[in-house]
Amino acid sequence: MADEWSSPPICSKQGKSSRKNREDLGSPEKQVAEDFSVESICTAVKVKIVKLEDEEKEKMSFYPKGNSNLIHYLCKHDLANLATEQGWKLILEKMDQKLLPKLLIKKEVPIENCRDKVRELIVKALPNLHQEKCDLSSLSNKEPSDRELDNKGPLQQALACLVPLIKAGQNQADVLYDKDLNCLIITGPTETVKQLHMEAKVKLYSVTMETVLESPSHGCLLRTFRVIDKLRGQYHGLTVVVQDCNTKVTWTGTEENIRGGREEMEKFVREIKANTFHVSKVMKKLLLTPEIKHYIDNVLQRDGITCVWQVTETRQVQVWSMQASSSKRVGLKIRENFKEEAFLVKDFPLISKLSKLGFGLGTADMNHFSVEETSDTVHVAAKSGTMQKIYQYLQDLEDQPTPGKQPSVNQEGDNSEKTTSGCTIEVRGMDKLTSNDTVELYFESKRAVGRPVDIENFDASKREKDGVIFITYENEEDAQLVLGRQHTLDKSSLTVRLFEALEPVPDPLFYQEKVFFRNMNSNTTQKMLENFLKSKVNVFPIEFLYGEEEGAVLVTFDGSADFEKLKNACQNSPLENCLLEAKRVPVSQSVLVSGVGKRTSLNTLKFYFENSRRSGDSDVTEVKEISDGYFLAIFKDPEVIDRVCQRTHKLDGKTLTVQTYHEMLGHRVSHTGPTFKVPCPLVIKDADQNKVQHLMSSDMTKLEKQLNDHHTKLHWPGDIPGHLKLECLLTEDVVDSNRLVISWEEVVRNILSNFLAKARDLKAQVVVTSPDVAGSTKDSSAKDGGTEHDGGGRMTKGGHKTGGPCDTIIKHTTGQNDKLYKADDAWKPRKSIEKIHDPEEKKTEVLYKKVRGILNKLSRQNFQTLVKQMSELEIDTEERLFGVVNQVYVLAVGDPRFVVAYASMCRYLAMIKVPSKTKPGEFVNFRVILLTKCQKAFEKDEDTKKEMERRQKEIKEAKLQVEDKEKLMADLEYKERQVRKRSLGNCSHGWSSTFK
């Protein structure tokens with residue numbers, strides 16, 4: 001009969017009210033899987049016990065005490081299991097929010113025994129159960145009614161989150177729905193429910209967090225690269241705002257989404273490249289102008305340079321971007337669009353006054369230049385177009401006595417100093433409130449001309465943009481009369497000059513046999529580029545000059561290259577996954593000079609290059625210093641450039657390096673190879689510590705030679721065990737350095753990996769003999785070979801002569817049958833918690849696991865939270881207290897950097913006490929155990945140090961080869977470092993102040 005009852009059915013009985021509740025739950029049940037259901041809560045539980053075969057149908061019922069939701073879970077799981085074990089039949093009925101578990105038992109079973117077992121089960125299991133609420137109102141204010149899948153309500157959201165978590169935990173928890181409170185109730189074992197509730201909070205509920213950025217530039221880059229928009233699209237419901245002048249990011253959303261968004265943002269920030277370059281004082285002043293900054297941003301955006309830049313007070317331009325070459329490209333764009341000039345006061349006596357008057361520029365150009373004055377020089381920085389206007393203005397005033405005023409006219413009206421003729425004048429300096437009609441009437445009046453005249457043409461179309469009005473008289477005589485007077489209108493002094501049409505700027509000349517390329521892959525070799533170009537045009541490249549910017553190269557062909565054909569080919573055919581950008585090369589009128597002595601002045605350089613016998617045969621228009629040690633000499637005739645570069649130049653005892661200057665290549669002295677970059681040191685973090693120790697104690701000549709042949713230096717582990725650092729020694733002077741640097745990391749990594757792999761197969765057994773009390777020596781591995789040693793250095797049975805009381809035997813074996821040396825404190829894998837059957841032992845291991853988790857996460861930011869978690873742990877036995885103390889001690893001594901944090905934790909745990917196991921009636925506390933352990937460890941370290949000194953003396957006196965002695969000394973020194981490190985952690989300030 002018992003077999004027929006082995007799988008008791010669980011059914012339910014519904015009344016009207018119950019069916020109504022079931023209808024309310026129809027929506028969530030549709031959203032969960034078929035093998036998982038959500039029921040409504042019950043307000044009471046009544047257990048019934050009935051004997052089926054009894055004619056009188058003996059019955060008994062009782063109401064168990066406790067939380068009805070937890071008893072509901074207990075009936076579905078624990079009571080069902082008990083019924084199966086006892087051969088009972090369990091039926092679960094539900095009526096008007098009341099759960100009615102009915103047990104059907106056999107006639108021979110005493111009904112009181114059944115009741116007692118049920119009560120005992122409830123009393124024993126109920127304390128291990130727990131419930132947590134998931135509030136649905138905080139997810140949405142909408143009612144949990146019919147929803148579409150694309151627009152889930154709060155109930156569906158919560159179930160979609162909880163059900164997969166419960167299934168992943170093997171359905172160890174149930175979910176109930178409370179319509180009155182609009183919440184879900186999770187019931188089940190305490191640990192399971194708490195873990196589920198915590199994971200659900202992370203996935204469901206929105207929180208607000210803040211992240212402080214290291215620099216405002218990072219916030220600007222987040223906006224520039226639209227990282228915030230990408231995060232919003234990637235993580236549904238996540239709100240990200242950059243605030244406080246780009247220094248803080250505010251996150252609103254679930255903790256899971258915020259954590260993912262933070263990781264993505266931190267990954268982006270880590271990839272940001274920061275570079276700087278210097279500018280002059282006057283250029284810094286110009287770049288700080290908001291209008292100029294906006295202009296540069298537009299130029300960079302137009303050329304596809306995405307970055308954030310700023311000018312510091314120390315005259316540095318800082319550039320942040322995702323590409324290392326952006327800094328150089330920004331510098332090139334600034335040099336292309338802005339010019340600097342130094343005007344000597346002795347050459348331009350009125351230059352200071354002219355600069356204050358704005359060089360006759362219009363209103364639109366007044367913010368496009370800046371001036372810095374010294375005692376003998378006026379430095380000017382301006383946009384290229386504005387600088388051209390300044391040059392023209394100074395040229396026009398070169399023969400005039402005062403700026404803005406033409407030479408006066410003599411009584412006969414003849415202007416003897418007149419150098420130009422015409423009927424049109426330019427008028428500048430009008431007040432903004434002065435109307436055009438007022439200006440026109442003024443220049444027709446007797447006050448302006450000396451007699452009433454008529455104006456033939458009045459043009460004010462450029463007044464708003466350039467601040468200039470053009471007035472044309474009927475004859476040149478009237479225009480000359482106006483130029484001979486000073487003019488003031490509405491209290492503003494007007495600047496009047498004769499209009500001269502600027503000569504048309506000739507089209508720039510370009511080299512027909514040179515082409516400049518950008519955006520080349522850093523791994524592309526010269527041979528690959530040469531073959532690529534040969535396949536695109538009918539001429540052959542004969543010279544490659546590499547620029548400062550990464551991926552920039554100027555190629556010279558052996559004939560005229562079809563530029564348009566080459567440009568189209570580069571746009572359509574990638575080279576090493578990069579599309580080259582081709583540009584024409586302007587004919588150069590300048591040479592780049594380096595190697596100039598410190599005492600050589602700019603005038604000396606100019607006189608030198610103007611000397612036809614010593615350098616060139618053309619006038620030098622300008623010599624200027626463009627950066628530290630680099631000078632630019634600009635010639636009037638570009639045809640002399642090649643002749644100047646072919647000569648050898650010596651000045652003031654220094655040999656000068658002179659080469660054709662191409663602005664697009666930058667200020668490099670040598671262009672024969674790409675910009676050389678030394679790779680960052682390679683750090684090997686996953687090396688086996690035992691293998692590293694073995695390599696350190698063995699002969700490293702072969703390894704160091706191989707690494708040295710590949711331009712590498714090996715640095716052994718420092719503070720972090722097992723971390724090896726490989727430093728690249730390649731320089732630009734090494735033959736084929738740019739090719740070697742590409743494969744350097746892979747080559748040296750393989751060399752080191754091969755040596756570490758060999759160390760795996762090589763076993764070293766070191767036996768050190770020491771004298772005993774009687775003066776004889778004993779071998780610590782006497783079983784091997786059956787040899788014994790005495791104190792007289794006699795011959796042993798194996799035929800080997802001992803070297804006395806301090807003899808050392810070193811044995812290297814590679815056989816598979818050799819036994820490895822086993823240390824006394826060798827590491828052993830921890831037994832899995834799932835395999836522990838003893839409840840107390842399992843509870844202890846769970847406690848240790850929680851302690852390790854808390855200690856590993858300990859930091860200043862979460863200190864109070866973790867202290868609270870530690871204080872809530874159940875440390876109730878002497879064994880468990882000793883284990884907790886040991887874990888704190890090992891972590892603190894192993895990493896002295898965090899010893900203060902561990903010491904602060906110990907201050908809160910100091911008075912934890914438990915009953916003593918060996919002394920009934922007495923207690924032991926955390927403080928005493930920890931201090932005792934520290935004292936014993938310190939005394940042991942002192943004894944260890946003395947033992948090591950003794951062993952060091954023995955090794956020195958032993959009759960061994962030098963190589964064997966070095967190996968033993970290296971091993972001893974490593975152990976000594978470990979002892980010192982442990983002593984440092986034991987005696988550090990943090991421990992000493994723990995219990996003050």
Side-chain angles (χ1 to χ4, degrees), residues 278-287 315 334-335 337-361 365-366 368-405 407 417 419 495 497 589-594 596-612 614-616 618-637 640 644 649 651-652 654 656 658 661 663 667:
H278 292 269
V279 294
S280 62
K281 189 175 182 181
V282 65
M283 184 60 74
K284 183 203 82 171
K285 185 177 179 181
L286 179 64
L287 295 180
R315 296 189 285 116
I334 290 177
R335 289 196 293 270
N337 293 274
F338 297 90
K339 303 297 180 184
E340 294 183 52
E341 188 61 77
F343 297 96
L344 297 178
V345 175
K346 65 179 181 178
D347 296 335
F348 299 90
L350 298 177
I351 189 65
S352 178
K353 186 175 180 181
L354 292 173
S355 65
K356 293 176 182 176
L357 294 174
F359 296 109
L361 297 172
D365 289 325
M366 292 303 292
H368 294 172
F369 77 96
S370 62
V371 178
E372 282 290 334
E373 297 185 19
T374 60
S375 58
D376 58 349
T377 310
V378 175
H379 298 272
V380 181
K383 289 175 62 176
S384 299
T386 304
M387 185 64 79
Q388 185 64 32
K389 294 179 181 180
I390 293 175
Y391 289 149
Q392 185 66 40
Y393 179 76
L394 296 176
Q395 183 67 31
D396 293 342
L397 295 180
E398 189 174 8
D399 298 328
Q400 298 177 10
T402 57
K405 179 179 177 182
E417 295 183 298
T419 59
T495 301
R497 55 175 287 183
Q589 292 182 253
S590 311
V591 294
L592 183 64
V593 185
S594 59
V596 180
K598 294 183 179 179
R599 297 182 180 181
T600 304
S601 65
L602 293 178
N603 286 333
T604 304
L605 274 176
K606 185 175 182 180
F607 296 151
Y608 172 81
F609 283 108
E610 285 182 339
N611 190 314
S612 60
R614 302 189 62 182
S615 60
S618 175
D619 292 337
V620 177
T621 59
E622 183 184 8
V623 174
K624 60 182 179 181
E625 185 175 9
I626 55 177
S627 62
D628 293 341
Y630 293 92
F631 298 84
L632 202 62
I634 305 173
F635 291 84
K636 188 174 183 180
D637 183 6
V640 305
V644 172
H649 302 274
L651 182 61
D652 292 338
K654 300 287 185 179
L656 307 182
V658 180
Y661 176 70
E663 188 173 6
H667 304 160

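In this text the structure is predicted, and so the values were computed from the model without any measurement. Index from 1, following the sequence.
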Ser280 versus Glu340, closest heavy-atom pair with distance:
OG-OE1, 2.6 Å

Quick one: does Lys285's side chain have a donor or acceptor within less than 3.5 Å of a partner on Val371's backbone?
yes

Which pair of heavy atoms, one from Leu605 and one from Val623, lies closest together, and at what distance?
CB-CG1, 3.9 Å

Sequence neighbours excluded, every pair satisfying salt bridge (Lys or Arg N to Asp or Glu O under 4.0 Å) that has a member inside residues 385-394
Asp365-Lys389

At what distance, to the nearest 0.5 angstrom, does CD of Glu610 lie from CG of Asp619?
6.0 Å

Give, for atom CD1 of Ile626 and atom CG of Leu592, the distance between the pair rounded to the nearest 0.5 Å.
5.0 Å

Applying side-chain contact (heavy atoms from CB on, under 4.5 Å), run through Phe635 and Val644 and close with a yes or a no.
CA-CA 10 Å; Phe635 291 84; Val644 172; 4.0 Å; yes

When you look at Leu287 and Ile334, which way does the side-chain contact (heavy atoms from CB on, under 4.5 Å) test go after all the steps?
CA-CA 9 Å; Leu287 295 180; Ile334 290 177; 4.2 Å; yes

I need the Leu361 CG to Thr495 OG1 distance, nearest 0.5 Å.
11.0 Å

For the pair Ser352 and Ser355, evaluate side-chain hydrogen bond (donor to acceptor under 3.5 Å, both in side chains) and give the outcome as yes or no after the intermediate values.
CA-CA 5 Å; Ser352 178; Ser355 65; 4.7 Å; no

Does the side chain of Glu341 come under 3.5 Å of the side chain of Tyr391 through a donor N or O and an acceptor N or O?
yes

Donor-acceptor check, side chain of Arg315 to backbone of His278, threshold 3.5 angstrom: yes or no?
no

If you measure from OG1 on Thr600 to CZ on Phe631, what distance do you get to the nearest 0.5 Å?
8.0 Å

Measure across Leu394 and Leu354 and return the closest heavy-atom pair with its distance rounded to 0.1 Å.
CD2-CD1, 3.6 Å

Assess the side chains of Asn337 and Ser384: does a donor N or O sit below 3.5 Å from an acceptor N or O?
no

For Val593 versus Val596, what's the shortest heavy-atom pair and its separation?
CG1-CG2, 3.8 Å

Could you check whether Phe343 and His379 have their ring centres less than 6.0 Å apart?
no

Minimum heavy-atom separation for Ser370 and Leu286, please, with both atom names.
OG-CB, 3.3 Å

A side-chain contact here means heavy atoms from C-beta on lying under 4.5 Å apart; do Gln589 and Glu622 qualify?
no

Nearest 0.5 Å please: distance from the CZ atom of Phe369 over to the OG1 atom of Thr386.
8.5 Å

Mind listing the closest non-hydrogen atom pair of Val380 and Met387 along with its distance?
O-CE, 3.6 Å

Using 30° and 60° as the class limits, which term best fits the ring planes of Phe609 and His649: parallel, tilted or perpendicular?
tilted

Please test Glu372 against Lys284 for side-chain contact (heavy atoms from CB on, under 4.5 Å), starting from the C-alpha separation and ending with a verdict.
CA-CA 11 Å; Glu372 282 290 334; Lys284 183 203 82 171; over 6 Å; no

Has Thr621 got a side-chain atom pairing as donor or acceptor with Ile634's backbone, closer than 3.5 angstrom?
yes

Just verifying a value: how many Å separate Thr604 OG1 and Arg599 CZ, rounded to the nearest 0.5 Å?
12.5 Å

